[in-house]
**Student:** 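This is the structure, below, for whatever I ask next.
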Amino acid sequence: MAFSARLLLALCAASLALAKPTSTVHSASSYAGSTVTAVFPPPDATDTSIDTYFPGPEEVGHAGPTPTGDEPFVLETAPVAPQKADVYPLVNPADTEGSSKKSSTFNLMQYWGNLSPWWSVGDFFGLKDASPVVPWGCELTQVHLLHRHGARYPQVGSRHAAFAAKVHAAANSTGFSASGPLEFLNTWTYKLGGELLTPFGREQLFDLGIAFRVKYGHLLDGFTDLPVFRTTSEARMVDSALQFHAGFFGVQQYQTSYHQLIAIEDSGFYSSLNPWEKCPNANNDVAAIGGSAAQNWTAIYLKDTLPRLQKYVTGIELDYTSVVAMQELCAYETVALGYSAFCDLFTEEEWKGYEYALDLDLWYSFGPGNPASAAQGISYVQELVARLTQTPLTDFSTALNRTMDESNVTFPLNQPVYIDATHDTVITTILVALNFTTMAANGPLPVDHIPKKQTYVGSRITPFATHLTGQVMSCPASDKSGNKESYIRFILNDGVVPLTGINHCTANKDGLCFLDNFVQGMKERIAEVDYQYDCFANYTVPWPDTIIDGRMKH
């Protein structure tokens with residue numbers, strides 16, 4: 001399930017009559033808007049007859065000294081946690097000359113919603129004094145990592161390719177001319193692929209794997225067999241898992257260091273990592289309400305943008321869909337090609353409006369405002385409880401894959417480290433199922449303005465390479481008896497998430513909850529989510545939609 005496929009569906013097609021450009025006019029090249037791209041490796045470049053000239057490292061030998069050092073565990077030893085802030089080697093649009101009209105503190109890369117690269121979010125989720133560093137006196141015993149794939153190309157058949165086709169058709173029929181800030185359109189071509197990871201996306205997951213090893217590598221000492229980690233079958237998901245584990249284990253070691261379970265992602269197949277296939281209401285009008293909400297807001301925040309841009313181009317009639325495509329091309333071209341001329345076309349307020357449109361779609365289609373969200377995410381919660389309690393699963397009435405989850409080979413219950421890879425929309429449903437209510441604190445989201453305090457922001461919750469880490473730890477008992485007690489907490493993109501929305505978990509400055517209390521709260525959450533009704537019932541979502549917990553009341 002890809003977020004962009006439904007994002008801002010049915011955008012207003014309102015357009016503006018052509019106006020005379022206000023600066024020098026340049027005619028477009030006939031190749032403007034072309035979608036022809038190069039291919040590597042070159043055709044017929046796979047000759048294997050010369051492979052014997054290039055022996056591998058085992059045949060060559062002479063590896064030099066290879067003593068292995070001890071495992072790192074920075075989160076238990078360092079006074080502060082490592083922070084992610086850069087997007088090297090991408091060019092941040094805020095650093096370009098044309099960005100001078102924006103304030104020095106405005107980073108538009110952080111306003112691309114689910115298309116933003118991930119960075120450390122600090123105390124965004126509300127715990128001012130919490131840190132990913134393990135609290136003093138505590139010791140990590142287990143981690144559960146759930147991560148998204150890295151930066152990718154747009155979906156095949158996206159609005160961006162349609163915009164390029166529109167430009168190319170005009171260049172090769174009536175012709176068009178662009179001037180001023182749009183002058184680059186005269187020679188612009190569409191260079192994006194479809195759905196695969198970009199080079200930067202590969203780097204994101206490789207770096208994430210390295211970071212995870214530095215933070216939690218010492219937990220590998222608790223394995224008595226090779227671990228089982230999971231992903232799904234789409235190319236970007238397999239590649240993300242491979243890149244992560246190459247970083248986590250090392251390029252020469254990763255292929256023999258773990259077992260990779262790949263869940264089929266296609267019609268008729270399902271698992272907790274692609275649960276929508278077993279939830280009809282995840283694929284119909286119930287799931288499309290986010291597009292309607294975003295459509296309403298798009299016509300508001302782009303009201304003045306459309307005529308402002310139209311005056312710089314003759315021969316192409318722009319509409320709201322075209323303008324949104326330009327904003328998305330800024331994000332996609334940057335994470336794919338390193339830089340995009342589209343980025344500097346928009347003001348700070350227009351970028352804030354763009355992100356809020358993404359937030360609306362995320363909230364109402366896959367987040368707290370959609371009545372089928374909790375049902376979709378609840379299968380992962382079932383698996384989490386099974387892993388935490390080392391109890392085999394017995395209820396397969398949700399999106400669990402019985403073949404995989406009933407086997408102790410493909411679903412082991414004794415690992416100190418679990419790593420699952422999935423999509424942004426799945427992660428948002430899981431966050432709802434976990435009942436992280438502080439993210440929904442300012443909902444339901446209005447569709448005609450941006451609320452002053454936005455607690456549900458896609459760029460913080462599900463950017464490219466987003467990752468949720470459940471830390472299980474042993475800490476001194478509160479009665480000072482010297483005994484140890486087990487706790488759990490969750491960290492999303494380096495921000496500690498409060499667990500106060502979960503039954504039996506109380507406020508804690510470090511985000512900790514007694515493990516037994518958390519498990520009890522999750523069992524109660526599983527019981528209250530009516531999977532059959534929310535996913536299969538024939539209902540119409542009321543509007544205004546006041547749902548804030550991902551469930552349909554009935």
Side-chain angles (χ1 to χ4, degrees), residues 7-8 10-28 32-33 92-104 106-113 115 159-160 162-171 174-188 190 294-334 339-360 447-450:
L7 187 56
L8 306 177
L11 289 172
C12 269
S15 59
L16 188 71
L18 297 177
K20 292 183 179 180
T22 59
S23 57
T24 304
V25 175
H26 299 278
S27 297
N92 189 328
D95 298 331
T96 61
E97 182 179 354
S99 65
S100 58
K101 64 186 178 186
K102 304 179 180 69
S103 70
S104 59
F106 183 78
N107 184 353
L108 64 89
M109 295 187 82
Q110 297 183 2
Y111 290 84
W112 293 345
L115 304 184
R159 81 179 85 248
H160 326 97
F163 173 74
K166 184 176 185 176
V167 171
H168 194 54
T174 58
F176 76 89
S177 298
S179 61
L182 286 179
E183 185 176 356
F184 72 91
L185 274 183
N186 292 320
T187 56
W188 171 78
Y190 186 77
Q295 173 188 344
N296 189 86
W297 171 242
T298 298
I300 295 172
Y301 89 88
L302 289 180
K303 177 174 62 70
D304 297 327
T305 312
L306 181 58
R308 175 172 62 80
L309 293 178
Q310 182 66 78
K311 68 182 180 181
Y312 294 111
V313 59
T314 60
I316 299 176
E317 191 172 357
L318 300 179
D319 53 29
Y320 288 134
T321 303
S322 301
V323 178
V324 172
M326 290 182 186
Q327 289 190 287
E328 291 181 343
L329 279 165
C330 161
Y332 277 120
E333 286 190 342
T334 300
Y339 167 77
S340 175
F342 286 100
C343 294
D344 205 47
L345 296 178
F346 303 96
T347 66
E348 289 185 24
E349 291 306 309
E350 288 163 347
W351 282 118
K352 292 175 182 177
Y354 172 70
E355 165 142 278
Y356 189 59
L358 299 174
D359 296 342
L360 284 170
V447 298
D448 58 354
H449 68 278
I450 303 175

**Student:** Find the distance between CG (Leu318) and CE (Met326) and round it off to the nearest 0.5 Å.
**Tutor:**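 Here the interatomic distance stands at 4.5 Å.
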**Student:** Who are the ring pair (Phe, Tyr, Trp, His ring centres under 6.0 Å) partners of Tyr190, not counting sequence neighbours?
**Tutor:**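 So Tyr190 forms no ring pair (Phe, Tyr, Trp, His ring centres under 6.0 Å) with any residue.
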**Student:** Look at the side chain of Gln310 and the backbone N and O of Ile316, then say whether any donor-acceptor pair between them is shorter than 3.5 Å.
**Tutor:** yes
**Student:** With sequence neighbours excluded, what pairs up with Tyr356 under the ring pair (Phe, Tyr, Trp, His ring centres under 6.0 Å) test?
**Tutor:** Trp297
**Student:** Nearest heavy-atom pair of Ala299 and Tyr320: which atoms, and what distance?
**Tutor:**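 Heavy-atom minimum between the residues: O-OH, 3.7 Å.
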**Student:** Using every non-hydrogen atom in the two residues, find where Trp351 and Gln327 come nearest and quote the distance to one decimal.
**Tutor:**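 Closest heavy-atom pair between Trp351 and Gln327: CH2-O, 3.6 Å.
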**Student:** Let me confirm one number: the CG-OH distance from Leu115 to Tyr332, rounded to the nearest 0.5 Å.
**Tutor:** 4.5 Å
**Student:** In Å and rounded to the nearest 0.5 Å, what is the CD1 to CD1 distance from Ile450 to Ile300?
**Tutor:** 10.0 Å
**Student:** Using the side-chain contact (heavy atoms from CB on, under 4.5 Å) rule, take Tyr312 and Glu183 through it: C-alpha gap first, then chi angles, then the decisive distance, then the call.
**Tutor:** CA-CA 8 Å; Tyr312 294 111; Glu183 185 176 356; over 6 Å; no
**Student:** Walk me through it: do Phe346 and Leu108 pass the test side-chain contact (heavy atoms from CB on, under 4.5 Å)?
**Tutor:** CA-CA 10 Å; Phe346 303 96; Leu108 64 89; over 6 Å; no
**Student:** Is it true that Lys352 and Glu349 make a salt bridge, defined as a side-chain N closer than 4.0 Å to a carboxylate O?
**Tutor:** yes
**Student:** Starting at OG of Ser177, measure out to CG of Leu185 and round the result to the nearest 0.5 Å.
**Tutor:** 11.5 Å
**Student:** Taking only residues two or more places apart in sequence, or in another chain, which ones meet Phe184 in a ring pair (Phe, Tyr, Trp, His ring centres under 6.0 Å)?
**Tutor:** Phe342
**Student:** Could you tell me which residues satisfy side-chain hydrogen bond (donor to acceptor under 3.5 Å, both in side chains) with Ser340, sequence neighbours excluded, listed by chain and number?
**Tutor:**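 Here the qualifying residues are Glu333.
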**Student:** List the atom of Glu328, the atom of His160, and the distance in Å for their closest heavy-atom pair.
**Tutor:** OE1-NE2, 2.5 Å
**Student:** Suppose we screen for salt bridge (charged side-chain N to carboxylate O under 4.0 Å, His left out). Which residues come up paired with Glu350, at least two apart in sequence or across chains?
**Tutor:**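 Salt bridge (charged side-chain N to carboxylate O under 4.0 Å, His left out) check on Glu350 returns Arg308.
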**Student:** Between Leu182 and Leu309, what is the shortest heavy-atom contact and its length?
**Tutor:** CD1-O, 3.4 Å
**Student:** Quick one: closest heavy-atom pair of Phe163 and Ala325, and the distance?
**Tutor:** CB-CB, 4.0 Å
**Student:** Mind checking side-chain hydrogen bond (donor to acceptor under 3.5 Å, both in side chains) for Lys166 and listing every partner two or more places apart, or none if nothing turns up?
**Tutor:**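 Here the qualifying residues are Ser322.
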**Student:** If you round to the nearest 0.5 Å, how far is CG of Asn107 from CG of Asn92?
**Tutor:**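 Reported to 0.5 Å precision, the distance equals 4.5 Å.
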**Student:** Mind listing the closest non-hydrogen atom pair of Cys343 and Thr334 along with its distance?
**Tutor:**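 Minimum heavy-atom contact is SG-OG1, 3.6 Å.
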**Student:** Working to the nearest 0.5 angstrom, can you tell me the gap between Leu306 CG and Thr298 OG1?
**Tutor:**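 Between Leu306 CG and Thr298 OG1, I get 12.0 Å after rounding to 0.5 Å.
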